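As the structure lists them, so they are numbered: ligands from 1, and atoms in each ligand from 1. Since the model is a prediction, treat every value here as computed from it, not as a measurement.
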Amino acid sequence: MPILKAAGKTFATQVPVLVIGAGACGTIAALAANERGAETLILERDAKPQGNTSLSGGQIPAGGTKLQRAAGLMDDSPDLLYQDILSKSHGECDHAIARHIANEAPKTVEWLVDRYKLPLSCVLDFQYPGHSRMHMHASPSRYGAELLTVLVAAVEAEGIPIATQAHVTDLYADKDGRIRGVRVTRPDGKTEEIGCGALILACNGFGGSKEMLRKYIPDAVDLFYEGHVGNQGDAVKWGEELGASIRDMGSFQGHGAVATPHGMHLAWATVTEGGIHVNKHGKRFSNENAGYSEQALKVHRQPGNVAWAIWGEAAEEIAKRQHSHAQAIESGAVKKYDTVEAMAKAIGCDAAVLGKSLETSAKDEFGRDFKGKPPLRAPYYLAKIMGALTHTQGGLEINKEARVLKKDGKPFPNLFAGGGAARGLSGPADWGYLSGSGLLMATNTGRLAGEAAAALVKGA
Ligand SMILES: Cc1cc2nc3c(=O)[nH]c(=O)nc-3n(C[C@H](O)[C@H](O)[C@H](O)COP(=O)(O)OP(=O)(O)OC[C@H]3O[C@@H](n4cnc5c(N)ncnc54)[C@H](O)[C@@H]3O)c2cc1C
């Protein structure tokens, strides 16, 4: 991923705003730049835009939207979301960015819904760990592909070109870090060069690169990777060469309940609504409700790197509304049992030990409080699970305009980053990820980067 010298270089094709990546961040950045009158081009490596966005649960947090008010949620606010981000990350994220993103989130959600008809509605049937209010706004089947389809259609309707099968391999930069253009490699090996006035890196993190995981997050190397393989850390590699400030590289979002061997993500309502995880001995080993991200390594550290998720009827009713969970059911990953003995047999553990684990109480040895949740009673739902890596959270440090910062804290002249390419809001490790933080960053930094890049090239 070299940075090539731009001195003396001319480009036959020149675009004011160039965006790398057609996930949520890239498509939203392009829409925002286009609205501000800047000609924009998106370069996407895949034949069809997908990215992590289309694999995701499509749930975006925001506090104080008009959708929430229409749904009767009157007391949410940007401040509450900000406090939740801070509390989950133990205060170890960039406070100013977290505050700004939380403030901008209602505007972004309402803009996307009103202007581009993003099919979002409030999630009212369960509350994620760490959310002090029901912050989530989701697509009908709680599936990111439903969002990306609408975003790509909106980009096309606006006449913004998306060049697919366009893998950006190199950037051309001046000595001061001004980006002059990019080199694109096509599947047949042919290359093209495109000049730009501003560049937005919306090409996500490095979850798909074992080499970078070994370097930055060795604990996550052996986790099942459920993100998009195209996330090869290109933004970080370019940033490293350019001398950008790169932060929180040990941070990631895990998921502690991915059905194995199916590779499908159970809805977290299987936990929030009173469900538990046990190991092959039928014993609980954690406060499952601390967060799905940190639960990934806890599951992975059990014998055989697996565990079993157990939940009840009320949880299943909610869980099956999520696309990935419905897929897990369809693929046969979810089994139903009427007795503890039958379930113990399926796990291969002692029924008496399992029976004891099912007796959840108001406050337990792991610090979990089951108060207000239904006790676990037959019929039981069971799935064998593994811990997964969903996406990385470390990346390029940005300011409030999503401009990439140098090591001295000053912004590069015309380089922007957002979504998974930028430093997230989770602090340094897996435990700091607040549910929905991925799309929160992708949607908001996408809009902010697009607006600021357009202003830059228009000389505003
Ligand atoms: C299973 C799963 C469930 C999730 N659920 C949620 C959820 O419910 N809520 C939430 O907030 N987050 C969720 N996330 C995280 C969320 O999906 C991501 O944080 C978000 O989609 C990132 O968006 P992005 O636009 O930055 O990246 P992406 O959507 O991954 O888009 C990046 C694009 O860049 C392209 N690209 C990469 N390198 C290059 C290159 N060199 N040249 C050209 N193109 C390139 C890729 O092909 C890709 O299309 C989930 C993730 C997964 C995997």
Side-chain angles (χ1 to χ4, degrees), residues 1 18-30 42-62 105 123 128 135-139 142-145 147-148 151-152 162-171 182-185 200-209 224-238 252-255 257-258 263-268 292-293 322-325 327 388-393 395 417-422 424-426 433-446 449:
M1 290 288 139
L18 197 54
V19 180
I20 305 179
C25 179
T27 50
I28 290 170
I42 307 180
L43 299 172
E44 166 55 49
R45 169 190 181 136
D46 286 351
K48 183 175 178 282
Q50 291 175 30
N52 264 16
T53 301
S54 64
L55 298 172
S56 76
Q59 304 199 36
I60 311 173
V123 175
Y128 278 97
H135 298 309
M136 288 299 205
H137 299 69
S139 70
R142 301 180 185 176
Y143 184 32
L147 300 183
L148 195 62
L151 289 169
V152 169
I162 305 182
T164 54
Q165 298 193 307
H167 182 196
V168 181
T169 46
D170 313 292
L171 309 186
V182 303
R183 180 191 276 164
V184 170
T185 304
I200 301 176
L201 301 174
C203 44
N204 211 327
F206 55 95
S209 165
F224 172 77
Y225 178 52
E226 60 167 345
H228 184 250
V229 288
N231 298 336
Q232 291 294 321
D234 297 350
V236 165
K237 289 180 201 158
W238 288 317
F252 69 97
Q253 185 214 325
H255 199 279
V258 173
M264 280 151 198
H265 195 115
L266 303 180
W268 204 245
Y292 52 64
S293 179
Q322 183 166 322
H323 179 267
S324 61
H325 191 92
Q327 274 190 315
L389 164 66
T390 301
H391 65 285
T392 54
Q393 280 281 292
L425 302 171
S426 310
Y433 183 85
L434 185 75
S435 302
S437 206
L439 285 172
L440 176 71
M441 276 296 280
T443 52
N444 286 287
T445 54

So if I count the atoms of ligand 1 from 1 in the order they appear, which ones are less than 4.0 Å from some heavy atom of [X]?
X	value
G230	37 (C), 38 (N)
G51	28 (P), 29 (O), 30 (O), 48 (C), 49 (O)
E226	1 (C), 53 (C)

Worksheet item: Under 4.0 Å from ligand 1, counting heavy atoms only, is it the side chain of I60, its backbone, both or neither?
Response: neither
Below 3.5 angstrom, do we get any N/O pair linking [X] and ligand 1?
X	answer
C25	yes
I20	no
G57	yes
V168	yes
T390	no
A442	no
H265	no

For [X], is the nearest heavy atom under 4.0 Å from an atom of ligand 1?
X	answer
A202	yes
G436	yes
L55	yes
Y292	no
P61	no

Worksheet item: atom 14 (N) of ligand 1: which of A138, S56, S54 has the nearest heavy atom?
Response: S56
Response to the item:
Candidates E44, H255, Q59; heavy atom nearest atom 35 (C) of ligand 1 found on E44
Worksheet entry | Any donor-acceptor N or O pair under 3.5 Å, side chains H255, E226 | no
Practice prompt. For the pair T164 (side chain) and E44 (backbone), establish whether a donor and an acceptor sit closer than 3.5 Å, ignoring hydrogens and angles.
Written response: no
Discussion item. I'd like to know if the side chain of Q232 and the backbone of G208 have a donor-acceptor N/O pair within less than 3.5 Å.
Written reply: yes
Worksheet item: In terms of the angle between their ring planes, are Y292 and W268 parallel, tilted or perpendicular, with boundaries placed at 30° and 60°?
Response: perpendicular
